[in-house]
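Sequence lines set the chain letters: A, B, ... in the order given, protein chains first and strands last, and positions in each chain run from 1. Fair warning: this is a prediction, and the values are worked out from it, not measured in the lab.
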Amino acid sequence: MKQQLAQLLAQAYSALQSQGMIPADHPVDILVERTRDRGHGDFASNLAMTLARVAGRKPRDIAEALVAALPQVAQVSKVEIAGPGFINFHLSRDAWHGVVGEILERGADYGRSEVGRGQPVQVEFVSANPTGPLHVGHGRGAAYGATVADLLRAVGFNVHREYYVNDAGRQMDILAASVYLRYLELAGVELPFPSNGYQGDYVWDIGATLHRNHGNDWAFAPEEMLRDIPADAPAGGDKEEHIDALITRTKQLLGPQRYRELFDEGLNSILANIRQDLKEFGVEYDEWFSERSLTESGVVDQAIERLKASGHVYEQEGALWFRSTEFGDEKDRVVVRENGQKTYFASDIAYHMNKLERGYARVIDIWGADHHGYVPRVKAALTALGDDASKLDVLLVQFAILYRGGEKMQMSTRSGEFVTLRELRQEVGNDAARFFYVMRKCEQHMDFDLDLAKSQSNDNPVYYIQYAHARVMSVFRQLAEKGMAWDREQGAQGMHLLHESHEEALLVNLSRYPEMVEAAALNHEPHHLAHYLRELANEFHTYYNAHQFLVGDPALRNARLNLIQAVRQVLANGLGLLGVSAPDSM
RNA sequence: GUCCCGGUAGCUCAGUCGGAUAGAGCAACUGCCUUCUAAGCAGUCGGUCGGGGGUUCGACUCCCUCCCGGGGCGCCA
């Protein structure tokens with residue numbers, strides 16, 4: 001409808017050009033918008049105002065000329081000029097009726113489109129280090145990423161969802177050492193636990209698995225573990241040096257093969273937990289991409305070689321630096337450390353190089369906002385490699401701050417003090433969690449009040465929307481109980497009987513759904529969908545209270561049933577995109 | 001110090017590319033269940049859009065500046 005009106009205006013516009021009112025070579029973007037106030041009609045255009053300057057005439061004069069040149073069509077009942085020069089379109093009542101038939105016809109496909117033209121897009125999200133269970137902070141990235149990916153698929157992109165598994169590096173070594181120390185305790189070797197180790201209960205569980213598999217065979221005496229190890233922080237030492245020495249000692253004592261087994265036991269156990277958690281949360285991936293595989297397949301070395309060959313790296317103080325300042329970064333970045341170890345950044349350059357080589361039209365990274373300073377260096381690296389950095393969109397998700405009892409909660413994986421995503425899901429349910437996480441735009445800081453979410457879950461907007469869906473289902477159950485059946489064909493014939501203001505409002509909103517989905521997808525803003533569904537549910541509840549559906553007149557009854565069935569379909573489609581269930585009864 | 005995000009009703013937040021009288025929910029208050037589920041509906045109350053400049057037909061929206069809150073600024077990942 002919007003497109004149609006824009007085309008009508010385009011015809012009027014070229015008529016004005018041939019009349020010489022507007023320069024013939026002046027190109028223009030014709031915009032038609034939904035009005036906010038129905039008193040201004042259904043759609044409006046500001047075209048006349050934008051032309052005022054180039055034509056050298058008053059906006060209202062141009063508007064009058066445009067309206068005079070506008071072709072007549074049946075769907076448009078009235079065209080008005082209002083305010084400073086808006087052209088307002090009032091649609092005929094019949095113009096809205098078609099939407100119900102379209103929704104019933106297309107069913108679950110209503111709202112889907114092909115604007116993405118099958119272009120391949122990658123969405124990488126969550127990618128939390130496998131050093132512990134997902135916590136509520138990761139939940140926001142999971143819900144947001146999954147919804148953005150679903151929305152993009154709904155509008156016709158070929159979406160590839162990926163989780164980058166950080167299965168290499170120092171954090172994972174700290175986890176391995178932590179697991180080993182718990183194993184030693186189970187084997188009867190009592191040692192002070194490092195202050196910088198991972199202290200969660202899950203570390204005990206992994207240690208216990210090792211102990212079941214190997215008994216005390218992997219144990220060493222405390223003296224062997226602690227010989228020449230620098231003091232931990234509580235004893236006046238440096239916690240980083242302490243834990244690094246423990247890692248080195250663990251590797252020495254166990255040897256490479258057993259250390260790898262220890263390491264992989266921790267990695268696989270935690271990763272399995274993360275995968276299960278996400279799956280239960282309705283978040284599925286096409287690929288789990290291993291960081292270690294980049295090193296092992298030589299891709300990291302290739303990336304560094306390419307940077308060397310193009311002259312964007314230099315050596316200083318024994319380390320190899322990438323000259324990222326050349327591409328707008330604040331300072332240059334190390335890719336190979338003095339000790340010969342490649343940095344995490346080196347892997348990330350390789351990873352993004354690999355992503356672009358896979359041929360995606362767009363690559364979307366969803367990161368926590370604390371990584372924002374990282375964006376310029378990754379883009380710099382892609383540019384230096386000769387790739388098109390503009391294909392990469394980094395969406396930064398602000399933290400979800402947890403409140404309990406009105407107080408902010410600390411979250412630290414290291415200390416083991418956090419609310420896990422699993423706990424949250426168990427407390428408030430998947431539906432409420434998924435919905436809450438995407439209710440706010442991602443740049444907005446989010447206060448997640450646990451007490452509210454747990455104790456007053458009945459007030460959650462998600463229930464309000466689900467209730468609307470359940471109510472429609474209930475009406476149809478009542479229909480059957482009263483020995484009647486829904487005659488969809490008769491309903492379609494009687495659409496003209498729907499002239500209550502509540503019915504017209506619903507028709508307008510139903511027709512808006514595809515536009516809203518498209519905008520939410522292209523702008524990566526799922527919160528629009530959440531707000532839209534609330535509004536639609538509100539209009540339905542209002543209608544429900546104002547009018548009886550199961551009336552005696554079969555023509556009116558079936559017309560109303562067609563309408564509420566269309567409402568139900570759109571609610572179900574929208575909730576589906578958010579990963580929220582649409583229950584038959586509540 | 002510098003960079004990023006935010007500041008809109010008592011609270012939590014929407015506000016489309018600059019558009020017409022700035023909107024919801026919660027909270028508070030007043031009504032509505034013999035009728036398709038009251039997890040609902042109708043109504044009332046509530047605003048210097050952080051402050052100050054600027055751009056223009058028009059600014060919550062764009063630019064400058066200042067204030068406040070959160071976060072980032074490692075040869076950690």
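Contact annotation for Asn46(A): base contact, defined as any heavy-atom pair under 4.0 Å involving a base atom. Residue contacts shown for Glu535(A) are absent, as no nucleic acid heavy atom lies under 4.0 Å away. Base engagement by Tyr374(A) is indicated by at least one non-hydrogen atom pair under 4.0 Å involving a base atom. Note on Ala519(A): nothing from the nucleic acid sits closer than 4.0 angstrom, heavy atoms only. Looking at heavy-atom distances under 4.0 Å, Lys331(A) makes contact with sugar-phosphate atoms alone, never a base. Among the heavy atoms of the strands lying under 4.0 Å from Ala168(A) are primed sugar atoms or P, OP1, OP2 only; no base atom is included. In this structure, Asn88(A) reaches the bases: a heavy-atom distance under 4.0 Å links it to at least one base atom across the strands shown.
Only the C1' atoms considered, G47(B) is 30 Å distant from C32(B), to the nearest whole Å. To the nearest whole angstrom, the two C1' atoms, one in A24(B) and one in U56(B), are 31 Å apart. C33(B) and G46(B) are spaced 28 Å apart, taking the P atom of each and rounding to whole Å. A distance of about 39 Å separates the C1' atoms of G74(B) and U61(B), rounded to the whole Å. G6(B) and G50(B) have their C1' atoms separated by 11 Å, given to the nearest Å. The P atoms of U12(B) and C4(B) are separated by 26 Å, rounded to the nearest whole Å. Comparing the same atom, C1', in C60(B) and in G23(B) gives a spacing of 12 Å after rounding to whole Å. To the nearest whole angstrom, the two C1' atoms, one in A20(B) and one in C64(B), are 28 Å apart.
Salt bridge Lys355(A)/Glu124(A): present, at least one basic N to carboxylate O contact under 4.0 Å. The residues Asp348(A) and Arg377(A) are annotated as not salt-bridged, no charged nitrogen and carboxylate oxygen being separated by less than 4.0 angstrom. Salt-bridge annotation for Arg292(A) and Asp264(A): present, with a side-chain N of the basic residue lying under 4.0 Å from a carboxylate O of the acidic one. A salt bridge is defined here as a Lys NZ or Arg NE, NH1 or NH2 lying under 4.0 Å from an Asp or Glu carboxylate O, and Lys342(A) with Asp301(A) meets this definition.
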| note | Its contact letters, B for base, S for sugar-phosphate only and - for none at protein heavy atoms under 4.0 Å, make nucleotides 41-47 of chain B read SS-----
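Counted by atom type alone, Arg440(A) and His527(A) present zero donor-acceptor pairs between their side chains at under 3.5 Å. For the residue pair His352(A) and Asp365(A), a side-chain donor N or O sits within less than 3.5 Å of a side-chain acceptor on the partner. Judged purely by distance below 3.5 Å, without hydrogens or angles, the side chains of Glu291(A) and Tyr351(A) never pair a donor atom with an acceptor atom.
The interatomic distance linking Ile87(A) (CD1) with G19(B) (P) rounds to 17 Å, in whole Å. C17(B) atom P lies 16 Å from atom CE of Met49(A), rounded to whole Å. Note: CZ (Phe86(A)) to C1' (U21(B)) measures 13 Å, nearest angstrom. Distance Gln466(A) CD to A39(B) P: 15 Å, rounded to the nearest Å. The CG atom of Leu47(A) sits 17 Å away from the C1' atom of A20(B) (whole-angstrom rounding). The separation between Arg377(A) atom CZ and C73(B) atom P is 8 Å, rounded to whole Å. Rounded to whole Å, atom C1' of G19(B) lies 14 Å from atom CZ of Arg60(A). The distance from atom CD of Gln478(A) to atom P of U35(B) is 11 Å, rounded to the nearest whole Å.
Within a heavy-atom distance below 4.0 Å of RNA chain B, the residues of residues 337-355 of chain A found are Arg337(A), Glu338(A), Tyr344(A).
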| task | Tell me, with the steps shown, if Arg323(A) and His312(A) meet side chain to side chain donor-acceptor pair (under 3.5 Å). | result | CA-CA 5 Å; Arg323(A) 202 186 308 277; His312(A) 294 107; over 6 Å; no
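Between the side chain of Lys251(A) and the main chain of Asp173(A), no donor-acceptor pair closer than 3.5 Å is present.
You'll find that the side chain of Ser474(A) is closest to C36(B), out of A77(B), C36(B), G72(B). You'll find that the side chain of Gln548(A) is closest to U35(B), out of U35(B), G19(B), A20(B). Side-chain proximity of His528(A) to the nucleotides G15(B), G71(B), C13(B) is greatest for G15(B).
Remark on RNA chain B: of its neighbouring residues Ile30(A) and His547(A), the 5'-side contact belongs to Ile30(A), judged by nearest-heavy-atom nucleotide. Each of Gln316(A) and Gly373(A) was assigned the nucleotide of RNA chain B with the nearest heavy atom; the assignment lying further toward the 5' end belongs to Gly373(A).
Applying the 4.0 Å criterion to OP1 and OP2 of G25(B), one finds that His531(A) has every side-chain N and O outside that range.
For the strand RNA chain B, secondary-structure stems (runs of at least three Watson-Crick or G-U pairs, all distances below 3.5 Å) span B:1-7 with B:67-73, B:10-13 with B:23-26, B:28-32 with B:40-44, B:50-54 with B:62-66.
Judged by a 6.0 Å distance limit and a 45° cone about the ring axis, Arg471(A) is not positioned over the six-membered ring of Phe540(A). The cationic atom of Arg534(A) (NZ for Lys, CZ for Arg) lies less than 6.0 Å from the six-membered ring centre of Tyr464(A) and within 45° of the ring axis.
In C29(B) the O4'-C1'-N dihedral to the base is more than 90° from 0, which defines an anti nucleotide.
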Which pairs, protein N/O on one side and nucleotides 2-6 of chain B N/O on the other, fall under 3.5 Å?
residue: C4(B); atom: O4'; partner: His372(A); partner atom: ND1; Å: 3.4
residue: C5(B); atom: O2'; partner: Glu443(A); partner atom: O; Å: 2.5

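Contact detail for Thr147(A) and Pro526(A): the closest heavy-atom pair is CG2-CB, 3.5 Å.
Using the six-membered ring where Trp is involved, Phe322(A) and Phe345(A) have ring planes that are tilted, between 30° and 60° apart.
The closest side-chain heavy-atom distance from Glu296(A) to Ser290(A) is not below 4.5 Å. With contacts defined as side-chain heavy-atom distances shorter than 4.5 Å, the pair Arg34(A)/Met516(A) does not qualify.
Listed by chain and number, the residues in a side-chain contact (heavy atoms from CB on, under 4.5 Å) with Asn509(A) are Arg512(A), Tyr532(A), Glu535(A), Leu536(A), Glu539(A) (sequence neighbours excluded). Shown here are the ring pair (Phe, Tyr, Trp, His ring centres under 6.0 Å) partners of His524(A), two or more places apart in sequence or in another chain: there are none.
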